[in-house]
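Inspection log for the structure reproduced underneath, given as structure tokens.
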Amino acid sequence: MRIAIFANEGRKSMMISRKLHQKFKDTHFILDNDNPDIVVTVGGDGTLLSAFHQYKNILDKVRFVGVHTGHLGFYTDWRDDEIDDLVISLQSDNGQSVSYPLLDVKVSYVDQLRPEFFLGLNEATLKRNSATMVTDVYIGGELFEKFRGDGLCISTPTGSTAYNKSLGGAVIHPNLKVLQMTEIGSINNRVFRTLSSPMIIAPNDWVTLYPNRESDYILTVDQNSYHGRQIKQITFKTSKKSIHFAKYRHMQFWQRVQDAFIGAEYAN
């Protein structure tokens, strides 16, 4: 089995990364950062997001395992004091995995003939830098509304627990391969009107935005941001690709939500 270790630059993460590197060598794993079967991330959810984008072109043949070196992350199952158990689990690997849906983002620019494509694990947002954002919102090819406000957030089911949740969106189980569109500071008065509610978009539908022709939009896809170009349209849809996590002890989704936001001590 080929293993890649992807760690953040924190002191503790680098220390755990070095320990894992030695343990994998001692147990005769092949360390391969270019074409791994398993990517072990060391850090937190941000580290796993970075690793996902690093290996997004080989998602069909790679599985992820997360080791957290701080607070429990939403995507990280193993503590830093459990790396011996992790190595043992990898030695008895049977190829099982749990998969989460992803987000396809297609962006057409005014000054470019070919669109650009992005892949998101958590969410994508569109905002304006210094003024109200105005955009026509199409769902499934039909005009739904003209949105005015700070921006819009389009999230995956696992991403529904991230920025989407802070905007008042619903938490969605990843077995439902849907998208969620949540407003960011919408304007609702006697003149302007939006739905003013999060929307769940069916797997076969898509969301297309036609923003006013300005150049100060900021597009984000997970932790990456893109700006400074005039956008013609953006389309969001559930991707045919998925991210796969090795299922040694991958935590059940609602237990993960409870641990992240409530804590077992407050559940009773």
Discussion item. Rounded at 0.5 Å granularity, tell me how far CE in Met14 sits from CD in Glu9.
Written reply: 7.0 Å
Fill in: Tyr109/Tyr217 under ring pair (Phe, Tyr, Trp, His ring centres under 6.0 Å): CA gap, chis, key distance, verdict
CA-CA 12 Å; Tyr109 293 102; Tyr217 288 102; over 10 Å; no
Practice prompt. Write down the atom of Pro101, the atom of Pro174, and the distance for their closest heavy-atom approach.
Written response: CD-O, 3.5 Å
Fill in: Within 6.0 angstrom of Gln22 CD, more than 12 heavy atoms from elsewhere
yes
Discussion item. Quick one, Lys25 and His21 - any side-chain contact, counting heavy atoms below 4.5 Å?
Written reply: yes
Worksheet entry | Any donor-acceptor N/O pair, Tyr55 side chain to Asn33 backbone, under 3.5 Å | yes
Response to the item:
Interatomic distance, OG1@Thr132 vs CG@Asn212, rounded to 0.5 Å, equals 11.0 Å
Discussion item. Just so I know, are the side chains of Ile139 and Ile201 near enough to count as touching, which here means a heavy-atom distance under 4.5 Å?
Written reply: yes
Worksheet item: Side chains of Val65 and Asp77: does their closest heavy-atom pair fall under 4.5 Å?
Response: no
Item to complete: Answer yes when Lys61 and Asp37 have at least one side-chain N-carboxylate O distance shorter than 4.0 Å, and no when they do not.
Response: no
Worksheet entry | Polar side chain donor-acceptor pair, Thr69 to Asp80, under 3.5 angstrom | no
Practice prompt. Mind checking side chain to side chain contact (heavy atoms under 4.5 Å, CB included) for Thr156 and listing every partner two or more places apart, or none if nothing turns up?
Written response: Leu103, Thr158
Worksheet entry | Side chain to side chain, Phe29 and Leu31, heavy atoms closer than 4.5 Å | no
Worksheet item: Between Phe64 and Phe52, is the ring centre distance below 6.0 Å?
Response: no
Worksheet item: Checking Ser17 side chain against Ser13 main chain: does a donor-acceptor pair fall under 3.5 Å?
Response: no
Worksheet item: NZ/Lys247 to CD/Gln96 distance, rounded to the nearest 0.5 angstrom?
Response: 5.5 Å
Worksheet entry | Pairs meeting criterion side chain to side chain donor-acceptor pair (under 3.5 Å) with involvement of residues 196-208, two or more places apart | Thr208-Thr235
Discussion item. Tell me whether Met1 shares a hydrophobic cluster with Ile83, the cluster being built from Ile, Leu, Val, Met, Phe, Trp, Tyr side chains joined at under 4.5 Å.
Written reply: yes
Practice prompt. Check the pair Arg229, Asp111 against salt bridge (Lys or Arg N to Asp or Glu O under 4.0 Å), reporting the backbone distance first and the verdict last.
Written response: CA-CA 8 Å; Arg229 299 177 66 185; Asp111 62 351; 3.3 Å; yes
Worksheet entry | Glu183 side-chain N/O to Ser186 backbone N/O, donor-acceptor pair under 3.5 Å | no
Discussion item. I'd like to check the side chain to side chain contact (heavy atoms under 4.5 Å, CB included) partners of Asn224; sequence neighbours left out, ordered by chain and number.
Written reply: His53, Tyr226
Worksheet item: Taking side chain as C-beta onward, heavy atoms only, is Arg148 less than 4.5 Å from Lys146?
Response: yes
Discussion item. Is there a continuous path of hydrophobic side-chain contacts, each under 4.5 Å between heavy atoms, that joins Phe144 to Ile184?
Written reply: no
Worksheet item: Quick one: do Phe245 and Leu119 end up in the same hydrophobic cluster if we chain Ile, Leu, Val, Met, Phe, Trp and Tyr together by side-chain heavy atoms under 4.5 Å apart?
Response: yes
Worksheet item: Should the pair Lys177 and Tyr100 be classed as cation-pi, given the thresholds of under 6.0 Å to the six-membered ring centre and 45° from the axis?
Response: no
Worksheet item: What's the shortest heavy-atom distance between Pro157 and His173, and which atoms?
Response: CB-O, 3.8 Å
Worksheet item: Donor-acceptor pair, Glu145 side chain versus Arg193 backbone, under 3.5 Å?
Response: no
Response to the item:
So CD of Gln54 and OG1 of Thr47: to nearest 0.5 Å the spacing works out to 12.5 Å
Worksheet item: Any side-chain heavy atom of Ile38 sitting closer than 4.5 Å to one from Leu90?
Response: yes
Worksheet entry | Test side chain to side chain contact (heavy atoms under 4.5 Å, CB included) applied to His227 and Asp216, step by step | CA-CA 7 Å; His227 54 85; Asp216 60 343; over 6 Å; no
Worksheet item: Where is the tightest heavy-atom contact between Val178 and Pro203, given as atom of each residue plus distance?
Response: CG1-CD, 3.9 Å
Item to complete: With sequence neighbours excluded, tell me which residues meet ring pair (Phe, Tyr, Trp, His ring centres under 6.0 Å) with Tyr138.
Response: Tyr210
Discussion item. As an exercise, state the distance from CD1 of Ile88 to CG of Leu86, rounded to the nearest 0.5 Å.
Written reply: 9.5 Å
Worksheet item: Taking it one step at a time, do Phe261 and Lys165 satisfy side chain to side chain contact (heavy atoms under 4.5 Å, CB included)?
Response: CA-CA 11 Å; Phe261 299 109; Lys165 183 177 180 295; 3.8 Å; yes
Fill in: Residue pair Ile58 / Pro36, side-chain heavy-atom distance below 4.5 Å
yes
Worksheet item: Does Lys106 NZ have over 12 foreign heavy atoms under 6.0 Å away?
Response: no
Discussion item. The test is side-chain hydrogen bond (donor to acceptor under 3.5 Å, both in side chains); show your working for Asn122 and Tyr75 and say whether it passes.
Written reply: CA-CA 11 Å; Asn122 272 359; Tyr75 294 112; 2.6 Å; yes
Item to complete: Heavy atoms only: give me the nearest Gly169-Pro198 pair and the separation to one decimal.
Response: CA-CG, 3.8 Å
Worksheet item: Could you walk me through whether Gln223 and Ser50 pass the side-chain hydrogen bond (donor to acceptor under 3.5 Å, both in side chains) check?
Response: CA-CA 8 Å; Gln223 75 275 44; Ser50 296; 3.1 Å; yes
Worksheet item: Hey, does the side chain of Asp222 reach the backbone of Ala124 with a donor-acceptor pair shorter than 3.5 angstrom?
Response: no
Discussion item. According to side chain to side chain donor-acceptor pair (under 3.5 Å), who are the partners of Arg63, at least two apart in sequence or on a separate chain?
Written reply: Asp93
Practice prompt. Decide side chain to side chain contact (heavy atoms under 4.5 Å, CB included) for Met181 and Phe236; before the verdict, give the C-alpha distance in whole Å, the side-chain angles of both, and the deciding distance to 0.1 Å.
Written response: CA-CA 10 Å; Met181 182 171 69; Phe236 308 90; over 6 Å; no
Worksheet item: With distance as the sole test, does Arg2 use its side chain to make a donor-acceptor pair with the main-chain N or O of Asp32 at under 3.5 Å?
Response: no
Worksheet item: Considering all heavy atoms of both residues, which atom of Thr27 and which atom of Lys23 are nearest to each other, and what is their separation?
Response: OG1-O, 2.7 Å
Practice prompt. Identify the heavy atoms of Asn8 and Gly43 that sit nearest to each other, and give their distance.
Written response: ND2-CA, 3.4 Å
Practice prompt. State the CG-CG distance between Leu126 and Leu219, to the nearest 0.5 angstrom.
Written response: 6.0 Å
Item to complete: Tell me, please, which residues at least two apart from Ser160 pass side chain to side chain contact (heavy atoms under 4.5 Å, CB included).
Response: Ser155, Asn164, Val171, Ile172, Gln180
Item to complete: For the residue pair Val42 and Leu20, establish whether any side-chain heavy-atom pair is separated by less than 4.5 Å.
Response: yes
Discussion item. Is there a path of hydrophobic side-chain contacts, each under 4.5 Å between heavy atoms, that joins Val221 and Leu167?
Written reply: no
Practice prompt. Answer with yes or no whether the side chains of Ser225 and Thr220 bring together a donor and an acceptor at under 3.5 Å.
Written response: no
Worksheet entry | Same cluster (ILVMFWY, side-chain, under 4.5 Å), Met133 and Val110 | no
Discussion item. Working note: Leu48 + Leu121, criterion side chain to side chain contact (heavy atoms under 4.5 Å, CB included); need CA distance, chi angles, decisive distance, verdict.
Written reply: CA-CA 10 Å; Leu48 192 136; Leu121 174 55; 3.9 Å; yes
